[in-house]
S.K.: 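Would you mind keeping the following structure in view while I ask a few things?
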Amino acid sequence: MRISAPIPGYFGCNAFQIFSSSPRQWAPYELSRPQCDELRQLREKYDLKPLVIHTNYLVNLAASNELFLKKSVEAFRGEVERALGLCAEYLVLHPGSFRGANREEGLLRTAAAIAAATTQLDLAGAGLTILIENTAGAEYSLGGSFEQVAEVIERLRDIVPIAACIDTCHTHVAGYDIVSEQSLAQTLKTLDQTIGLKNVPVWHCNDAKAERGSKLDRHQHVGKGKIGEATFRYLLNDPRTAHAAFIAETPIDKPGDDRRNVQALKRLVKCL
């Protein structure tokens with residue numbers, strides 16, 4: 001089990017997630033070979049793994065506008081190339097918005113766009129896996145259900161290494177009940193039957209400011225929101241998630257919040 005924060009060494013973490021470029025700009029950051037080499041050396045020195053990279057928020061591989069789709073495919077290929085250069089283990093992607101089409105067309109377009117963006121890139125040889133993240137289920141967004149995530153994974157299983165990243169806040173506001181031990185157990189059963197718990201190597205551990213089923217993606221400090229501390233205790237100590245890395249994507253409302261959220265997660269683990 002690995003728990004992450006924005007500055008792994010400083011917070012006592014052993015896994016971490018980064019953006020490899022600005023998350024809200026199209027212009028890519030040009031990584032140099034010395035930068036990639038230095039990060040690999042630091043990771044080896046401090047035993048930091050896995051490295052998870054989150055894709056730029058502008059990328060929409062389900063876009064029905066062909067020019068925007070082309071731009072998104074090019075940007076996503078850049079994300080993959082930087083992830084390969086940094087020797088990352090995982091690249092997280094939101095499956096996109098299907099505005100202007102229907103949900104099934106959007107799912108097909110996302111799968112085809114990922115395949116196109118990764119042509120002639122050896123992800124398997126480099127140990128890089130693309131992770132489809134579940135979403136809050138807002139109008140036109142893909143990934144609001146485990147079944148939608150599973151469909152994208154299934155379509156790409158023979159093309160690229162692919163699995164899922166599950167966000168607890170997204171799961172809650174999309175309508176899944178994870179607040180009590182019994183309801184969480186049922187939701188994990190559903191997750192296992194659709195995606196497969198073994199196919200979830202990364203969890204985003206975020207509490208939620210909004211009510212279940214609200215579709216509002218508003219992250220909250222661990223144990224301080226509508227999900228509550230007990231859910232994270234059950235999740236972190238479930239033997240079926242022992243292989244996974246847990247990433248905190250919680251807000252920083254005042255100095256030290258990031259450290260406090262990581263410590264909150266670590267206190268809930270019975271045996272680190």
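Just so it is clear, the structure is predicted and the values come from calculations on it, not from any experiment.
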S.K.: Which atom names give the shortest non-hydrogen contact between Asp192 and Leu197, and what distance separates them?
M.R.: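 Between these two residues, the closest heavy atoms are OD1-N, 2.9 Å.
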S.K.: Got a sec, which pairs hit ring-ring contact (aromatic ring centres under 6.0 Å, His included) with one end in residues 96-118, sequence neighbours left out?
M.R.: Phe98-Tyr140
S.K.: In chain order, what residues pass the side-chain hydrogen bond (donor to acceptor under 3.5 Å, both in side chains) check against Gln193, with sequence neighbours excluded?
M.R.: none
S.K.: Using the rule given for side chain to side chain contact (heavy atoms under 4.5 Å, CB included), can you reason through Val179 versus Leu184, listing the C-alpha separation, both sets of side-chain angles and the distance that settles it, and then say yes or no?
M.R.: CA-CA 6 Å; Val179 172; Leu184 176 61; over 6 Å; no
S.K.: With sequence neighbours excluded, tell me which residues meet side-chain contact (heavy atoms from CB on, under 4.5 Å) with Arg212.
M.R.: His172, Asp177
S.K.: Sort and list the pairs that fulfil ring-ring contact (aromatic ring centres under 6.0 Å, His included) and have at least one residue in residues 73-97, not counting sequence neighbours.
M.R.: His54-His94
S.K.: Regarding Thr171 and Thr168, do their side chains bring together a donor and an acceptor under 3.5 Å, going by distance alone?
M.R.: no
S.K.: Mind checking what makes ring pair (Phe, Tyr, Trp, His ring centres under 6.0 Å) contact with Phe146, not counting sequence neighbours?
M.R.: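 Per chain and number, Phe146 pairs via ring pair (Phe, Tyr, Trp, His ring centres under 6.0 Å) with Tyr176.
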S.K.: Test of understanding: with side-chain contact (heavy atoms from CB on, under 4.5 Å), list the residues that count as partners of Ala88, not counting sequence neighbours.
M.R.: Leu51, Ile53, Ala83, Leu128
S.K.: The criterion is side-chain contact (heavy atoms from CB on, under 4.5 Å); which residues satisfy it with Ala111, sequence neighbours excluded?
M.R.: Arg155, Leu156
S.K.: The criterion is salt bridge (charged side-chain N to carboxylate O under 4.0 Å, His left out); which residues satisfy it with Arg157, sequence neighbours excluded?
M.R.: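 Testing Arg157 for salt bridge (charged side-chain N to carboxylate O under 4.0 Å, His left out), a comparison that skips the adjacent residues, returns Glu154.
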S.K.: To check you understand the geometry: which heavy-atom pair defines the closest contact between Lys49 and Ala15, and what is its length?
M.R.: O-CB, 3.7 Å
S.K.: Tell me who clusters with Leu67, hydrophobic residues only, linked when side chains sit under 4.5 Å apart either directly or through other members.
M.R.: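 Reading the cluster by chain and number, Leu67 sits alone, since nothing else belongs.
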S.K.: Taking atom types as modelled and ignoring hydrogens, do the side chains of Tyr29 and Gln35 form a donor-acceptor contact shorter than 3.5 angstrom?
M.R.: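 Short answer, yes.
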S.K.: Go through it in stages, so that I can follow the logic: the residues are Arg43 and Glu38, the test is salt bridge (Lys or Arg N to Asp or Glu O under 4.0 Å), and I'd like the CA-CA distance, side-chain angles, deciding distance and then a yes or no.
M.R.: CA-CA 9 Å; Arg43 289 182 62 200; Glu38 183 178 5; over 6 Å; no
S.K.: Who passes side-chain contact (heavy atoms from CB on, under 4.5 Å) against Thr135, sequence neighbours left out?
M.R.: Pro95, Ser141
S.K.: Compile the donor-acceptor pairs under 3.5 Å between side chains in residues 158-167 and protein atoms, sequence neighbours left out, one pair per line.
M.R.:
unit_1	atom_1	unit_2	atom_2	d
Asp167	OD1	Cys169	N	2.8
Asp167	OD1	His170	N	3.0
Asp167	OD2	Asn206	ND2	3.0

S.K.: List, by chain and number, the other hydrophobic cluster members for Tyr57, where Ile, Leu, Val, Met, Phe, Trp and Tyr join if side-chain heavy atoms come within less than 4.5 Å, directly or indirectly.
M.R.: Phe19
